[in-house]
S.K.: 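Questions regarding the structure given below will be posed in turn.
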Amino acid sequence: MGRGQRAVKRLFASPEKYSRNFPLRNGTRARFLPSTFRMAGFRLFDLNEAQREAVTTTDGPLLILAGAGTGKTRVITARAAYLIAQGADPASVLAVTFTNKAAKEMRERLASMIEKSEAKKVTMATFHALCVRLLRSGIDRLGYKNNFTIYDESDQMGLLRKIINQTAARDEKLEPNLAKNLISKAKNNHWSAPADEQTLIGAVYARYQTALKNLNAVDFDDLLVLCVQLLDGHPDVRAKWQARFRYLMVDEFQDTNKLQLQLVTLLSGPERNVCVVGDDDQSIYGWRGAEVSNILEFEHHFPNPKVVKLEENYRSTNPILAAANAVIKNNPRRRPKHLRSNIAGDEKVRLIQMPDDRQEAQFIAEEIHRRQMQTGEAFENFAVLFRMNAQSRLLEGNLRELKIPYRVIGGKSFFDRREVKDVIAYATALLNPDDDISLLRIINTPARGISAMTTERALELSVQRRCSLFAALQLPEFAESLPAKARESIRAFARLLTDYEAKLHTPLADAAAVWSALIEEVGYLADMKRSCKVADDALKRESNVRDLIETLRQRAQPEAAQRVWSSLDAKSGAESLRGFLDDLALKNEREDEDDDKGSGVTLITLHAAKGLEFPHVYLIGLEEGLLPHDRSKMEGTVDEERRLLYVGITRAMRTLALTHCSTRIKFGSAAACSPSSFIKELPDEHLERLDLATILSKPVEATDAKAWFAKMRAAIGAPS
DNA sequence: AATCGTCTGCTTTTT
DNA sequence: GCAGACGATT
């Protein structure tokens with residue numbers, strides 16, 4: 001058995017294990033081995049040539065071009081470990097990621113490589129979390145208060161909706177969503193709000209920005225904008241952080257936007273120890289402001305870097321990689337790369353034509369069912385990838401019919417649920433009563449006799465007086481203008497908040513208890529139960545709320561807490577609550593998604609699939625108009641669609657099926673579809689072209705008994 | 001204040 | 001075809 005096949009076998013036996021332990025490349029030997037390294041249980045010779053070069057390059061700019069499945073995370077963590085083994089102060093190492101998940105994973109891996117106490121000192125955070133950290137300690141220099149609130153997307157939308165309503169003339173219309181996107185784009189390009197307010201969007205932008213500042217709130221983009229402003233405009237602050245972080249590492253560099261690049265530049269001191277890792281071929285977030293040019297023109301931003309290419313793929317079989325390579329080759333403007341793999345794999349990539357989307361879904365569900373029965377392959381090993389979330393519906397139906405467990409990734413976030421937003425708004429209002437958006441959310445939830453009319457009047461007054469809503473509510477003249485009943489309701493509400501605010505700020509206050517008591521006192525859960533028709537629903541919501549409070553309670557106990565930051569200090573109730581809310585705002589943690597054990601077939605968009613891998617992948621809807629999406633052609637971003645396909649293909653470890661339909665239901669009615677123009681870019685020699693009718697007319701293949709027995713043998717640990 | 005019905009307008013979504 | 005927003009109704 002050759003090396004390649006051995007790798008395949010290991011891969012097949014236990015993909016989870018495989019992804020953690022890379023195969024040793026025989027014949028590679030470390031030329032020297034620092035003893036700290038060996039003691040830390042980390043072996044340099046577990047890396048291939050290129051990986052080793054990346055890991056051991058410690059000084060100056062370093063660009064690691066890491067193709068899909070080439071051990072990117074491993075290299076970053078190994079490099080952090082190596083830096084420390086070479087004598088770098090752990091606290092001077094900063095690794096920046098895009099997701100909390102990636103940061104967490106890295107932290108865990110590092111902890112397994114070096115002393116735990118050392119690993120803890122390394123800063124591993126998302127861009128946004130890093131910015132929050134810098135801003136909490138220095139935003140006052142920019143005229144904000146340090147207790148600022150972070151607005152997530154829906155807070156932002158709420159504020160924008162309000163402002164558009166106030167600003168737009170009767171005949172003017174502006175989609176809040178469009179406004180949000182335009183403003184985000186503006187912020188990323190350093191366009192400040194126009195002073196003239198000529199256009200509606202300009203006026204909305206200007207007012208939005210003023211409103212945020214008055215609310216003492218910042219949106220996600222502001223976190224970066226303000227952080228850049230802080231570092232750029234205040235040399236002393238810049239010097240402080242540059243001295244702190246001497247070694248920078250940035251993951252998924254192809255996804256960074258202008259501001260993030262600027263931030264990296266500002267943080268890198270005179271030594272320019274900046275190591276970025278990424279893959280231009282996997283840049284699929286251009287529409288969100290990501291600049292592929294950051295990685296394509298890295299030399300321009302950080303002159304004379306060392307460039308290391310990781311092209312050895314440990315994930316996919318050769319036919320799959322051949323398809324991926326062939327497709328991506330058609331993109332202009334890329335750093336040429338050619339992924340190689342030792343995993344032979346004799347199964348070709350299947351390209352299957354389907355009559356319509358119904359049968360596409362049905363076929364996939366049935367085939368997964370059949371394959372699971374025949375080979376005993378776990379459902380978790382299968383994934384269906386698609387361009388649009390809406391495509392998951394049909395699949396869900398068919399999977400349910402066959403009683404196949406599945407999980408849909410994406411869709412509604414935990415934090416979009418009403419009850420979660422409500423209780424968070426209560427907490428936010430306690431910390432920052434001037435945050436009108438949170439206040440508006442809770443002012444009459446549950447109903448406490450403050451009518452929409454009253455709120456409207458208070459809001460008007462707050463605009464006139466240029467004060468917060470909370471302040472306006474308490475103006476004596478406002479009270480006088482109200483009927484006695486409303487006046488009393490408002491008095492009670494204001495007192496409620498001030499009381500609890502005071503409780504929160506007493507020394508040694510237990511934030512979770514204060515919060516919980518407030519929710520209890522206003523009778524939130526009781527009200528929730530009353531208004532829920534389905535009892536099950538109410539229970540779920542109640543448990544969501546309790547979970548949230550429970551999480552805070554656990555965090556407040558120091559040892560149970562997972563610290564993002566290395567410094568551990570005693571925290572007041574307000575501080576611990578604020579830290580909690582910061583994390584929540586920056587964490588898009590979705591329920592039930594974290595575990596991939598026992599969760600069944602994965603249904604996921606191509607975007608969300610980046611960074612994941614599955615033994616068996618179905619990539620559906622390869623049709624012109626869907627992938628590439630119609631809109632991309634108008635916007636001239638077909639390259640990015642191709643990268644999307646590339647990302648999809650490279651998720652597959654062992655088998656890959658691509659499907660396209662002749663007809664598909666679009667917006668409620670059937671529409672004819674032609675195959676995606678990307679299909680002709682696929683290499684014929686690694687492709688098996690099929691259509692549903694011929695597959696179905698053939699008798700079902702005899703059970704692959706060999707595979708089944710091999711599986712069973714592996715399961716009971718018998719030699720093969 | 002809550003609920004019902006009609007209208008609209010459709011990617012992707014790390015924080 | 002479906003969800004989300006908004007306006008009219010009770």
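Throughout, protein chains are lettered first and strands after them, A, B, ... in sequence-line order, and every chain is numbered starting at 1. Keep in mind that this is a model prediction, so the values were computed, not measured.
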S.K.: A/N181 near the nucleic acid: base, sugar-phosphate alone, or nothing, with a heavy-atom cut-off under 4.0 Å?
M.R.: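 No contact.
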S.K.: How many Å lie between CG on A/L385 and P on B/dT12, as a whole number?
M.R.: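 About 14 Å, once rounded to whole Å.
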S.K.: For A/N389 and B/dT13, is the shortest distance between a side-chain N/O and OP1 or OP2 below 4.0 Å?
M.R.: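 For B/dT13, OP1/OP2 do have a side-chain N/O of A/N389 under 4.0 Å.
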S.K.: Starting the side chain at C-beta, find the nucleotide from C/dA3, C/dG1, B/dT12 nearest to A/R393.
M.R.: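 Selected nucleotide: C/dA3.
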S.K.: Checking A/D435 now: which residues fulfil salt bridge (Lys or Arg N to Asp or Glu O under 4.0 Å) with it, not counting sequence neighbours?
M.R.: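 For A/D435 there are no salt bridge (Lys or Arg N to Asp or Glu O under 4.0 Å) partners, ignoring immediate neighbours.
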S.K.: Return whichever of A/T637 or A/N444 has its heavy-atom-nearest nucleotide of DNA chain B closer to the 5' end.
M.R.: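 Between the two, 5'-proximity favours A/N444.
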S.K.: Just to verify, what does A/R578 make a salt bridge (Lys or Arg N to Asp or Glu O under 4.0 Å) with, not counting sequence neighbours?
M.R.: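 Testing A/R578 for salt bridge (Lys or Arg N to Asp or Glu O under 4.0 Å), a comparison that skips the adjacent residues, returns none.
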S.K.: Can a side chain N or O of A/N100 be found less than 4.0 Å away from OP1 or OP2 on B/dT14?
M.R.: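 So the side-chain polar atoms of A/N100 never come under 4.0 Å of the phosphate oxygens OP1 or OP2 of B/dT14.
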S.K.: Could you check how far CD of A/E396 sits from P of C/dC2, rounded to whole Å?
M.R.: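 A/E396 atom CD is separated from C/dC2 atom P by 12 Å.
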S.K.: Measure from the side-chain heavy atoms of A/T99 and tell me the nearest of B/dT14, B/dT11, B/dT13.
M.R.: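 The closest nucleotide is B/dT14.
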S.K.: Would you indicate which nucleotide in B/dC10, B/dT14, B/dT12 comes nearest to any side-chain atom of A/M388?
M.R.: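 For A/M388, the side-chain atoms sit closest to B/dT12.
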S.K.: What nucleic acid atoms does A/E635 come within less than 4.0 Å of, heavy atoms only: base, sugar-phosphate, or nothing?
M.R.: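 Base contact.
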S.K.: On DNA chain B, compare the nucleotides closest to A/I450 and A/L606; which residue's is nearer the 5' end?
M.R.: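 On the 5' side of the pair lies A/I450.
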S.K.: Under 4.0 Å between a side-chain nitrogen and a carboxylate oxygen: does that hold for A/R136 and A/D582?
M.R.: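 Salt bridge present between A/R136 and A/D582.
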S.K.: Which listed nucleotide (B/dT14, B/dT15, B/dT12) is nearest to the side chain of A/F98?
M.R.: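 Nearest to the side chain of A/F98 among the choices is B/dT14.
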S.K.: Choosing from B/dT14, B/dT12, B/dT15, which nucleotide comes nearest the side chain of A/R387?
M.R.: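 So the side chain of A/R387 is nearest to B/dT12.
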S.K.: Using a distance-only test with no angle check, is there a side-chain donor-acceptor pair under 3.5 angstrom linking A/E252 and A/Q254?
M.R.: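 There is such a pair between these side chains.
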S.K.: Separation of A/D630 atom CG from B/dG9 atom P, in whole Å?
M.R.: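 That distance rounds to 18 Å.
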S.K.: Classify A/Y285 by what it touches in the nucleic acid, base, sugar-phosphate, or nothing, heavy-atom distance under 4.0 Å.
M.R.: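 Base contact.
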S.K.: If we take the C1' atom in both C/dC6 and B/dT11, what is their distance in whole Å?
M.R.: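 Approximately 25 Å lies between the C1' atom of C/dC6 and that of B/dT11.
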S.K.: Check whether the ring centres of A/W287 and A/H607 lie less than 6.0 Å apart, and answer yes or no.
M.R.: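 Yes, the ring of A/W287 comes within the 6.0 Å limit of the ring of A/H607, centre to centre.
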S.K.: If you look at every strand shown and take non-hydrogen atoms under 4.0 Å, does A/D255 touch a base, only sugar-phosphate, or nothing?
M.R.: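 Counting heavy atoms under 4.0 Å across all strands, the contact made by A/D255 includes a base.
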S.K.: Rounded off to whole Å, could you give me the CG-to-P distance for the A/L224 and B/dT14 pair?
M.R.: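 It works out to 16 Å between those atoms.
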S.K.: Does B/dT11 have its OP1 or OP2 closer than 4.0 Å to a side-chain nitrogen or oxygen of A/T605?
M.R.: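 Indeed not, no polar side-chain atom of A/T605 lies that close.
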S.K.: Going by 5.5 Å between centroids and 30° between planes, is there a stack of A/H128 over B/dT15?
M.R.: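 Base of B/dT15: not stacked against A/H128.
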S.K.: So, for A/L110 and A/T77, which heavy atoms are closest and what is the spacing to 0.1 Å?
M.R.: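 Residues A/L110 and A/T77, closest heavy atoms: CD1-O, 3.6 Å.
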S.K.: As a test of the definition: with a 90° window around 0 for syn, would you call B/dT12 syn or anti?
M.R.: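 For B/dT12, whose glycosidic angle is more than 90° from 0, the conformation is anti.
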S.K.: Whole angstroms only, please: what is the CZ-P distance between A/R651 and B/dT12?
M.R.: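 Atom-to-atom, A/R651 to B/dT12, this comes out as 19 Å.
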S.K.: Roughly how many Å is it from CD in A/E252 to C1' in B/dT13, rounded to a whole number?
M.R.: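 Checked: the CD to C1' distance equals 15 Å.
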S.K.: Starting at CE of A/M634 and ending at P of B/dC10, how long is that distance when rounded to a whole Å?
M.R.: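 For the pair A/M634 CE and B/dC10 P, the rounded distance is 10 Å.
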S.K.: Rounded off to whole Å, could you give me the CZ-to-P distance for the A/R288 and B/dT12 pair?
M.R.: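 Roughly 13 Å, once rounded to whole Å.
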S.K.: Heavy atoms only, 4.0 Å cut-off, all strands: where does A/Q391 land among base, sugar-phosphate and nothing?
M.R.: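 Answer is nothing: A/Q391 stays at 4.0 Å or more from every strand.
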